[in-house]
Amino acid sequence: MEDYGTGANRLIAATRAQGVNDERVLEAIRRVPREAFVPIHATDEASSDVPIPLPQQQTTTQPSLVARMVAALGLEGGEEVLEVGTGYGWQTALLATLARMVYSIEREPDLARVARQNLARRHIRNTSVIVGDGYRGVAEHAPYDAIIVSAAARTVPSPLADQLRDGGRLVMPMGPGGDDEVVAYERRDGQLVETADLGPARFVPLIGSD
Ligand code: SAH
């Protein structure tokens, strides 16, 4: 399998240091070069465990935090996943190596366009990037086995809870944006039950929420 070397090793070390031991997730980080999913002027920073600014006042999430959130989904390979907030698509690419199909919704058409290009260049085909309001989810392909949200809101948007399969997991930063708590939920008998608190983090707000 392709290995892009030192950059990946730095991110893997940072991710392990954050307590992620899921070998499938670490292997996904090894395979998907982050430098291919950041703005061209930021490729030097891509191997550092730091957020990187994107156009439209958005920002890529710190890799070790992406890894912790993705690990909390417990993906085994056969799942259909909904991602809300594509950005430039690095997390989308990780999810695509860990699950069967990833639907990703992004509200900024310019970001979605770049994400599609980045994914296509890496020959990642089991993703579909949709432009729209992630607050509503993507009903056409529901229910999902897992949902991951990359922007914060004070409550889980009810369409997302509705589009999660019973037994499925949802991970999302809860808060106003900038001062949030990442929470993992499981849907049981139609209700979202909190299963883990992944700790504090700073996310951009999910636009259109509250
Ligand atoms: N997952 C990416 C991007 C994180 S930034 C990464 O880890 O790098 C959060 C993204 O959510 C931005 O691209 C922003 O445009 C998008 N976003 C914010 N509100 C949204 C909404 N209501 N629907 C869809 N996308 C949204």
[Y] side chain reached by [X] side chain, heavy atoms, under 4.5 Å:
{"X": "Leu206", "Y": "Pro157", "value": "yes"}
{"X": "Leu94", "Y": "Val25", "value": "no"}
{"X": "Asp197", "Y": "Met174", "value": "no"}
{"X": "Glu83", "Y": "Val70", "value": "no"}
{"X": "His141", "Y": "Leu82", "value": "no"}
{"X": "Asp133", "Y": "Arg107", "value": "no"}
{"X": "Asn9", "Y": "Arg30", "value": "yes"}
{"X": "Arg122", "Y": "Val32", "value": "no"}

Which heavy atom of [X] sits nearest a heavy atom of [Y], and at what distance?
{"X": "Leu73", "Y": "Val171", "result": "CD2-CG2, 3.6 Å"}
{"X": "Glu79", "Y": "Gly77", "result": "OE1-N, 2.9 Å"}
{"X": "Pro176", "Y": "Arg154", "result": "CB-NH2, 3.3 Å"}
{"X": "Val50", "Y": "Pro63", "result": "O-CD, 3.7 Å"}
{"X": "Val129", "Y": "Ala112", "result": "CG1-CB, 3.8 Å"}
{"X": "Arg169", "Y": "Ala72", "result": "NH1-O, 3.1 Å"}

State yes or no: do [X] and [Y] share one hydrophobic cluster built from I, L, V, M, F, W and Y residues joined by side-chain heavy-atom distances below 4.5 Å, directly or via other members?
{"X": "Ile12", "Y": "Leu98", "answer": "yes"}
{"X": "Leu164", "Y": "Val156", "answer": "yes"}
{"X": "Ile124", "Y": "Leu11", "answer": "yes"}
{"X": "Tyr135", "Y": "Ile105", "answer": "yes"}
{"X": "Val204", "Y": "Val149", "answer": "no"}

Working to the nearest 0.5 Å, report the span between [atom1] of [X] and [atom2] of [Y].
{"X": "Tyr144", "Y": "Asp162", "atom1": "OH", "atom2": "CG", "value": "12.5 Å"}
{"X": "Thr86", "Y": "Ile130", "atom1": "OG1", "atom2": "CD1", "value": "8.5 Å"}
{"X": "Asp22", "Y": "Glu27", "atom1": "CG", "atom2": "CD", "value": "11.0 Å"}
{"X": "Tyr88", "Y": "Arg116", "atom1": "OH", "atom2": "CZ", "value": "13.5 Å"}
{"X": "Thr15", "Y": "Ile29", "atom1": "OG1", "atom2": "CD1", "value": "3.5 Å"}

| field | Enclosure of Glu194 CD (heavy-atom neighbours >12, cutoff 6.0 Å) | value | yes
| said: Does atom CD (Glu76) have a neighbourhood of more than 12 heavy atoms from anything else shown, all under 6.0 Å? | reply: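 It does not: Glu76 CD has 12 such atoms or fewer within range.
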Keeping the roles fixed (side chain from [X], backbone from [Y]), state whether a donor-acceptor pair exists under 3.5 Å.
{"X": "Gln163", "Y": "Val138", "answer": "yes"}
{"X": "Arg68", "Y": "Leu198", "answer": "yes"}
{"X": "Asn118", "Y": "Phe37", "answer": "no"}
{"X": "Asp180", "Y": "Phe203", "answer": "yes"}
{"X": "Arg34", "Y": "Ser48", "answer": "yes"}
{"X": "Glu108", "Y": "Asp110", "answer": "no"}
{"X": "Glu35", "Y": "Pro33", "answer": "no"}
{"X": "Glu106", "Y": "Gly87", "answer": "yes"}
{"X": "Thr127", "Y": "Val102", "answer": "no"}
{"X": "Trp90", "Y": "Thr61", "answer": "no"}

| said: Can you pull out every salt bridge (Lys or Arg N to Asp or Glu O under 4.0 Å) where at least one residue sits in residues 138-151? Sequence neighbours excluded, please. | reply: Asp145-Arg165
| task | Quick one: do Leu65 and Arg202 satisfy side-chain contact (heavy atoms from CB on, under 4.5 Å)? Show the steps, please. | result | CA-CA 10 Å; Leu65 177 56; Arg202 288 173 14 181; over 6 Å; no
| Would Arg16 and Glu23 pass as an ion pair if we require N to O under 4.0 Å? |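 Between Glu23 and Arg16 there is a salt bridge, with a charged N closer than 4.0 Å to a carboxylate O.
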| Carboxylate-amine/guanidinium contact Arg187 Asp166, below 4.0 Å |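 Yes.
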| field | Option passing side-chain contact (heavy atoms from CB on, under 4.5 Å) with Ile148 (candidates Leu75, Leu95, Val84) | value |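 Exactly one candidate clears the test, Leu95.
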| Just by distance, with hydrogens left out, do Ser150 and Gln91 show a side-chain donor and acceptor under 3.5 Å apart? | yes
